[in-house]
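Inspection log for the structure reproduced underneath, given as structure tokens.
All values derive from a computational prediction rather than experimental measurement. Every chain is numbered from 1, with letters handed out A, B, ... down the list of sequences.
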Number of protein chains: 2
Amino acid sequence: MRSYFQSFNILSEKELQLLNDLTTYRTLKKGAFLIREGDISKEVVFIRSGILRSFFTKPNGEEITYCLTFGNNLMTALSSLLEGKPTHENIQALTTLELEVVKKEDLFALSEQYFGWMKIFKVLVAQQYLELEQRMLDLQRLDAKSRYEKLIQDRKELVQHIPLKHLASFLNVTPRHLSRLRAEIS
Amino acid sequence: MRSYFQSFNILSEKELQLLNDLTTYRTLKKGAFLIREGDISKEVVFIRSGILRSFFTKPNGEEITYCLTFGNNLMTALSSLLEGKPTHENIQALTTLELEVVKKEDLFALSEQYFGWMKIFKVLVAQQYLELEQRMLDLQRLDAKSRYEKLIQDRKELVQHIPLKHLASFLNVTPRHLSRLRAEIS
DNA sequence: AAGGAACGAGGACATTTGTCTACAAATTAA
DNA sequence: TTAATTTGTAGACAAATGTCCTCGTTCCTT
């Protein structure tokens, strides 16, 4: 996680140091949950290895995959973290995971005291916004087939490692339909 | 705009003062564009009065309303502002507008120099993220009818002031279908 | 005030996508 | 290794939504 933050070239060496004392190590077994809807997000994790999936549920109980995150990335239920309200997200381990964990209160304290930390959070939130805007765009501009084709191009790793049912809801279609699209494409 | 920023209770009086010299006044006629796709976003506007609409275009040229903003709010092509790349958004005046304008470079300079300004941008970007996440959620969880009903509840002002064709693409349906939904509801 | 454009409703039909179901292959667990 | 679960494919049909078009109405413009 240290080198992840370092790579932004925002934090001073001193600011970066502060992170060391605040980080703990944790593993998560396949299928286990990092957070469930209704909980309040209190921590941010950095994935050393493994895959996390976050999903919402529809009124009828159906799961919608919102986010798929691989190693060397941060993950949290961001909206709940920012607002301090119960989250709609469930974050579940798709594989066994190795994580580094930092508490929200420690991060918020850092960002209130150090300019670099405030700035890096601005940047991280901005990244999330940009990613989401792009997805919203795709969802509204492209039909299901194009969205799938784009996914194949831009995020091969998803198509290779994630079961179809999760990809389907990520693309906002049913598994049945995604299977149909696969058949069409080949 | 001053009191808008003040209401966050983040900026010191001194920090707030700095804004005065950077603000200019501008009007925009109904139908005119604040920015067009392909342009690079270089300013943020505060709407004193009037309504702005931002929209993307589909490959076939069809317009998709992305954002509808009323008086007493900020507006900009955010992703382009953050990335410095050409935008996909067109921002157009739905009515005649009175605006206060600040240049991106001035805002960025402020945020690099003053903690409060950095923090307030973090907060503003976070707000945009939260709003967008909520919309993404609605788009994936609810069917068209529910999305429209929710719009009626949460954003009455849109339904009252915005033509159906724009509401339709905002909700990701065709005008024909939205008309159908209206008939169903009443 | 008159003409033209934009707007919203709605009919008829097409297309996309979802639902339900079954089945075989692949994966996992015992 | 065998049984059990999960996964992906696919047929048949249904529902949601889009396309194309027409018709009054309202709203601008001149």
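- Between the side chains of A:Thr87 and A:Ser41, no donor-acceptor pair of N or O atoms lies under 3.5 Å.
- Near DNA chain C, meaning a heavy atom under 4.0 Å from it, residues 152-164 of chain B has B:Pro163, B:Leu164 in order of number.
- Checking B:Arg53, B:Lys165, B:Lys58 one by one against B:Glu63, the side chain to side chain donor-acceptor pair (under 3.5 Å) holds for a single residue, B:Arg53.
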Worksheet item: Could you run down nucleotides 14-23 of chain D 5' to 3' and tag each one B, S or - for protein heavy-atom contact under 4.0 Å?
Response: ---BBBB---
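- Residues forming a salt bridge (Lys or Arg N to Asp or Glu O under 4.0 Å) with B:Arg26 (at least two apart in sequence, or on another chain): B:Glu43.
- Checking the phosphate oxygens (OP1, OP2) of C:dA6, no side-chain nitrogen or oxygen of B:Lys165 falls inside 4.0 Å.
- Using modelled atom types, one finds a donor on one side chain and an acceptor on the other under 3.5 Å when comparing A:Gln17 with A:Glu13.
- Distance CG (B:Leu94) to C1' (C:dC7): 14 Å, rounded to an integer number of Å.
- Applying the ring-ring contact (aromatic ring centres under 6.0 Å, His included) test to every pair with at least one member in residues 93-115 of chain A, sequence neighbours left out, gives no pairs at all.
- Under a 4.5 Å side-chain heavy-atom criterion applied to ILVMFWY residues, the cluster that includes A:Leu52 comprises A:Leu28, A:Leu34, A:Ile35, A:Val45, A:Ile47, A:Met75, A:Ile91, A:Leu97, A:Leu99, A:Val101 as well.
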Item to complete: Using the side chain to side chain contact (heavy atoms under 4.5 Å, CB included) rule, take B:Tyr66 and B:Leu132 through it: C-alpha gap first, then chi angles, then the decisive distance, then the call.
Response: CA-CA 10 Å; B:Tyr66 175 63; B:Leu132 192 55; 3.7 Å; yes
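- Atom CD1 of B:Ile185 is separated from atom P of C:dA9 by 11 Å (rounded to the nearest Å).
- To the nearest angstrom, P of C:dA25 lies 18 Å from CZ of A:Arg182.
- If you check the side chains of B:Tyr148 and B:Arg182, you find a donor sitting under 3.5 Å from an acceptor.
- Considering only residues two or more places apart in sequence or on other chains, B:Phe5 meets the ring-ring contact (aromatic ring centres under 6.0 Å, His included) condition with B:Trp117.
- Inter-axis angle, ends of the helix from C:dA1-D:dT30 to C:dA30-D:dT1, five pairs per end, rounded to 10 degrees: 60°.
- The salt bridge (Lys or Arg N to Asp or Glu O under 4.0 Å) test applied to A:Lys30 returns no partner, not counting sequence neighbours.
- Pairs of residues two or more places apart, or lying in two chains, never qualify as ring-ring contact (aromatic ring centres under 6.0 Å, His included) while including a residue from residues 157-186 of chain B.
- Here the C1' atom of nucleotide C:dA6 and the CG atom of B:Leu167 are 15 Å apart, to the nearest Å.
- Taking A:Phe8 as the reference, A:Tyr4 meet the ring-ring contact (aromatic ring centres under 6.0 Å, His included) condition, with sequence neighbours excluded.
- Judged as a side chain to side chain contact (heavy atoms under 4.5 Å, CB included), and not counting sequence neighbours, the contacts of A:Gln128 are A:Leu78, A:Glu131, B:Tyr129.
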Could I get a table of every N or O pair under 3.5 Å where one atom is in the protein and the other is in nucleotides 27-30 of chain C?
none

